[in-house]
Amino acid sequence: MIRQTDVDRAGLKERYPETFRTPVLAHAVYLTIVTAGAGLVVYALWRFGFSPAKFLDGLGKLGTVLTLMVPPDPGSQLWKYVAALGETLSIAFLGTLGAAILALPASMLAAKNVVANRFVHFASRRFLDSIRGIDTLIWALIWINVVGLGPFAGILAIMTSDFGSFGKLFSEAIEASDRKPVDGVTSAGGSDLHGFRFGVLPQVLPILLSQVLYYFESNTRSATIIGIVGAGGIGLYLANEIAQAEWQSVAFLILMILATVAAIDWISAKIRFAVIGRRGVVA
Amino acid sequence: MLGLVLVLVFSVLSAWIGEVDPAKFWNGLPRFVSYFHDILPQLRLASLGADLEEWFWNLDGWLGLLFDTLLVAYVGTLFGAIAAFVLCFLASANLTRSATLRFASRRLLEFCRTVPEIVFALMFVYAFGFGAMPGVLAIAIHTAGALGKQFSEVVENVDMHPVDGLTATGATYVETIRFGVVPQILSNFMSYSLLRFEINVRGATVLGFVGAGGIGKELISSIRQFYYADVSAILLIIIATVFLIDWLTERLRHRLLSLDGAEQ
Amino acid sequence: MLRLEGVTKSFGDKRAVDQVSLVVPTGQLVGVIGRSGAGKSTLLRMINRLGDPSHGRILFGDTDITALKGRALRQWRARCAMIFQQFNLAGRLDVLNNVMMGRLSRVGTTRALLKLWSEDDRAIALSALDQFDMAGLAAQRADTLSGGQQQRVAIARAMVQEPDIILADEPIASLDPRNTKIVMDSLLRINKHFGITVVCNLHSLDTARAYCDRLVGMAQGKVVFDGAPQTLTDDIARDLYGLDAGEVMDTAGTALPLPVQEGRPSLAVA
Ligand SMILES: Nc1ncnc2c1ncn2[C@@H]1O[C@H](COP(=O)(O)OP(=O)(O)O)[C@@H](O)[C@H]1O
Ligand SMILES: [Mg+2]
């Protein structure tokens with residue numbers, strides 16, 4: 001049996017001193033990063049007026065709310081909720097579709113291999129990024145100023161914010177596409193537009209489609225809350241019932257949302273699978 | 001072809017349900033354009049400094065609120081990532097043998113990521129009162145759900161040889177994960193967390209809409225009360241911040257990827 | 001003494017290991033041979049409890065291995081070191097830390113998780129590496145090493161466990177002839193010099209004949225041969241391996257019986 005008393009420690013230490021040295025610098029760096037990260041958390045909690053007593057109190061209240069949620073019950077509002085859910089789905093669907101249609105030409109401008117002009121490329125990228133940088137709910141507020149309260153503003157809000165995301169994603173997909181088929185088309189006398197239509201589009205379409213489906217899933221979630229600011233869908237009811245502490249209705253609404261999102265995920269996964277196989281999504 | 005027809009049918013149906021009104025849109029569109037014209041202040045070359053100063057009259061206040069927003073995103077992401085880190089192993093088929101435990105943790109993660117964070121925020125504002133804490137909790141829970149799923153997908157794809165090797169030496173579950181799994185996944189986890197932080201910064205800007213802290217409260221009241229110049233000023237600093245954060249996290253992620261070759 | 005009593009492992013309808021009963025006296029070097037799919041790996045993994053038997057018992061001394069749980073199970077695993085065909089190192093950790101993994105059961109969890117190894121443990125790990133002339137590579141990432149080097153690290157890891165028994169699952173199947181010899185020689189030395197029981201799955205019959213005290217032949221989960229290497233005739237071997245027979249038997253030259261190298265004086269027999 002190998003016994004530690006028999007190990008020639010001194011000899012080993014002499015021959016391999018570096019193995020016995022503690023990496024002080026590495027430890028210090030590591031410790032500094034951890035301390036800084038934790039310190040920022042502590043500072044933030046202090047700044048936010050966090051106190052354990054208040055927190056526990058809130059947890060207690062939350063517990064009460066949870067008990068008041070069972071059993072989930074829509075009361076007399078069931079059909080209103082269902083209609084609002086339909087509205088939510090419509091918002092997600094049209095918003096995504098519209099954004100995808102509008103984003104395709106814009107993404108061509110932002111793709112290096114379609115528009116070679118550096119300035120156009122840079123400007124359109126930053127423009128798309130700016131749109132993306134603003135949350136859907138903010139867009140909803142802005143569109144409400146334009147078309148008034150209601151689901152139409154929600155559709156436009158999702159359309160706008162996804163326009164930014166799709167523009168970026170599509171242009172990246174186009175840039176990653178293979179050059180050879182385009183050369184094939186243009187060398188056969190096709191115009192640049194032909195090159196794009198027959199060279200690039202067939203390559204990227206499945207990818208784009210899968211991205212669109214992925215966003216449709218996530219937009220279903222966004223569309224459930226867009227009503228909080230008055231842009232249609234089930235969010236309005238959700239916000240109202242929470243404000244009025246109708247917890248059974250709240251629970252019912254949340255369950256409805258969960259079921260719908262699960263159903264949409266399932267359907268869209270099926271379609272995605274049919275379109276591009278198992279390769280999944282470049283989100 | 002069938003797909004196209006279906007898309008058309010759904011579009012018409014949705015348009016009807018969604019109260020799509022082209023007339024309203026066309027009448028409104030000029031207003032949309034003029035809205036952006038309206039919210040931009042008059043800047044004259046002659047008095048540029050003074051105009052800018054007037055436009056960003058409350059810059060300090062807004063930056064303070066924006067800092068709150070960033071802190072909400074940071075703390076929320078960190079707490080959420082920690083929770084996700086713990087839960088992801090329980091949700092992974094290769095590391096958790098108990099089907100019940102796996103099922104329970106997966107459903108929990110699913111619940112956390114499916115309920116939109118602003119819904120959590122609404123409920124937490126009710127329970128904890130107005131302020132940034134409900135925002136932090138809402139983001140943390142949503143992040144735990146979203147990252148937990150991504151993490152567990154990473155974990156399910158690790159090389160299991162080291163795990164067997166560690167288990168066979170008599171290592172505990174935690175030690176096996178620490179030495180057999182964590183070195184394989186750490187850079188991926190960090191990268192996903194940074195991406196999630198980017199997303200959460202955007203998300204945190206609107207939490208103030210429901211009273212959960214940060215710049216959102218100021219923004220919604222400016223929009224609702226038609227303080228045009230304020231709206232554009234706030235939007236601009238939000239966009240600038242988001243750009244900055246995206247840029248920083250992207251650089252960090254590239255560093256991480258190149259570090260991936262090093263020892264962890 | 002290791003004793004297997006009617007050990008069976010089923011995967012669905014398939015019996016990977018079928019009613020295996022064996023007694024391995026302390027200090028024996030047993031070679032388990034048989035074609036691929038015979039159930040050798042499954043058998044070894046059950047002894048370490050990486051897999052649980054569907055039926056039967058495994059005993060070590062008076063301890064029922066199959067009944068162990070929690071801490072006792074982990075302690076058994078620490079006493080029963082395992083070496084794998086694919087080395088099963090943590091590729092992203094350096095060599096020293098990989099060897100340290102063999103000390104985990106003796107180090108407090110907090111210290112271990114922070115990699116705060118004591119000087120004693122470092123010295124033990126280094127001395128194990130030193131026997132394979134690997135101590136100079138202590139700071140290198142394991143996945144940058146060659147297969148032979150990785151397997152030597154794995155054996156060092158097994159040695160610092162200070163085990164009572166070593167299970168080796170085709171330890172040389174991924175190695176070149178030179179490393180095959182290094183690895184088999186060191187297993188032989190551990191066995192003869194320290195008196196540690198070694199159970200080694202081998203694909204190559206010639207290697208098995210050259211190194212082992214005893215051979216156990218498996219086919220379709222059952223033990224079909226058990227005896228001294230010289231009693232394993234070519235006919236039995238042909239039965240055991242079927243069509244693979246030529247491949248495993250005509251590889252003489254890689255597996256000469258070799259003089260046992262003396263262990264370094266720094267390591268003593270208890
Ligand atoms: N985890 C498992 N699930 C299902 N079948 C397995 C599993 N592990 C091994 N088997 C089956 O058990 C049999 C024995 O495998 P194994 O012990 O690996 O054989 P050997 O090591 O002798 O090549 C094989 O038929 C193999 O397919
Ligand atoms: Mg095997």
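This structure is a prediction, so every number in the text was calculated from the model and none was measured. Numbered from 1 within each chain, the chains take letters A, B, ... in sequence-line order.
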Considering residues, nucleotides and ligands other than [X], do more than 12 of their heavy atoms fall under 6.0 Å from its [atom1]?
X        : atom1 : value
B:Tyr228 : OH    : yes
A:Met69  : CE    : yes
B:Phe243 : CZ    : yes

Measure the [atom1]-[atom2] distance between [X] and [Y] for me, rounded to the nearest 0.5 Å.
X        : Y        : atom1 : atom2 : result
B:Arg113 : A:Ser218 : CZ    : OG    : 13.0 Å
B:His142 : A:Arg221 : NE2   : CZ    : 7.0 Å
B:Leu137 : A:Leu59  : CG    : CG    : 8.0 Å
B:Phe120 : A:Ile254 : CZ    : CD1   : 7.0 Å

Given that the side chain runs from C-beta out, which part of [X] has a heavy atom under 4.5 Å from chain A: side chain, backbone, both or neither?
X        : value
B:Thr114 : both
B:Val201 : neither
B:Asp68  : both
B:Leu71  : both
B:Leu78  : side chain
B:Leu122 : both
B:Val72  : both

Out of [options], which one racks up the most heavy-atom pairs below 4.5 Å with chain A?
options                                : value
B:Val136, B:Ile220, B:Val125           : B:Ile220
B:Val210, B:Val242, B:Val206           : B:Val206
B:Thr241, B:Leu236, B:Ile223, B:Ile238 : B:Ile223
B:Gly131, B:Gly135, B:Ala132           : B:Ala132

Atom group of [X] that falls short of 4.5 Å from chain B, counting heavy atoms:
X        : value
A:Tyr43  : side chain
A:Arg47  : side chain
A:Leu258 : both
A:Ala239 : both
A:Val261 : side chain

Subject >> Most contacts with chain B, counted as non-hydrogen pairs under 4.5 angstrom, among A:Leu141, A:Ile225, A:Val229 >> reply: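 Result: the option with the highest number of such pairs is A:Leu141.
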
Original post:
Looking at A:Val250, A:Asn145, A:Thr64, A:Val65, which has the largest count of heavy-atom pairs under 4.5 Å with chain B?
Top reply: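 If we count pairs closer than 4.5 Å to chain B, A:Asn145 comes out on top.
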
Original post:
Side chains of B:Leu235 and A:Ile142: closer than 4.5 Å at any heavy-atom pair?
Top reply: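 Sidechains of A:Ile142 and B:Leu235: in contact.
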
Subject >> Heavy-atom closest contact (A:Ile228 atom, B:Ile118 atom, distance) >> reply: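 Nearest heavy atoms, A:Ile228 then B:Ile118: CD1-CG2, 3.5 Å.
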
Original post:
Of all heavy-atom pairs between A:Gly37 and B:Tyr74, which one has the smallest distance, and what is that distance?
Top reply: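 In terms of heavy atoms, the two residues are closest at O-OH, 2.8 Å.
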
Subject >> Neighbours of chain B found in residues 127-139 of chain A - heavy atoms under 4.5 Å >> reply: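 So the qualifying residues are A:Asp129, A:Ser130, A:Arg132, A:Gly133, A:Ile134, A:Asp135, A:Leu137, A:Ile138, A:Trp139.
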
**OP:** Any pair with a residue in residues 224-252 of chain A that passes ring pair (Phe, Tyr, Trp, His ring centres under 6.0 Å), sequence neighbours left out, goes on the list, sorted by first then second residue, please.
**Re:**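 Every ring pair (Phe, Tyr, Trp, His ring centres under 6.0 Å) pair that includes a residue of residues 224-252 of chain A, provided the two are not neighbours, is A:Tyr81-A:Tyr237, A:Trp247-B:Tyr126.
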
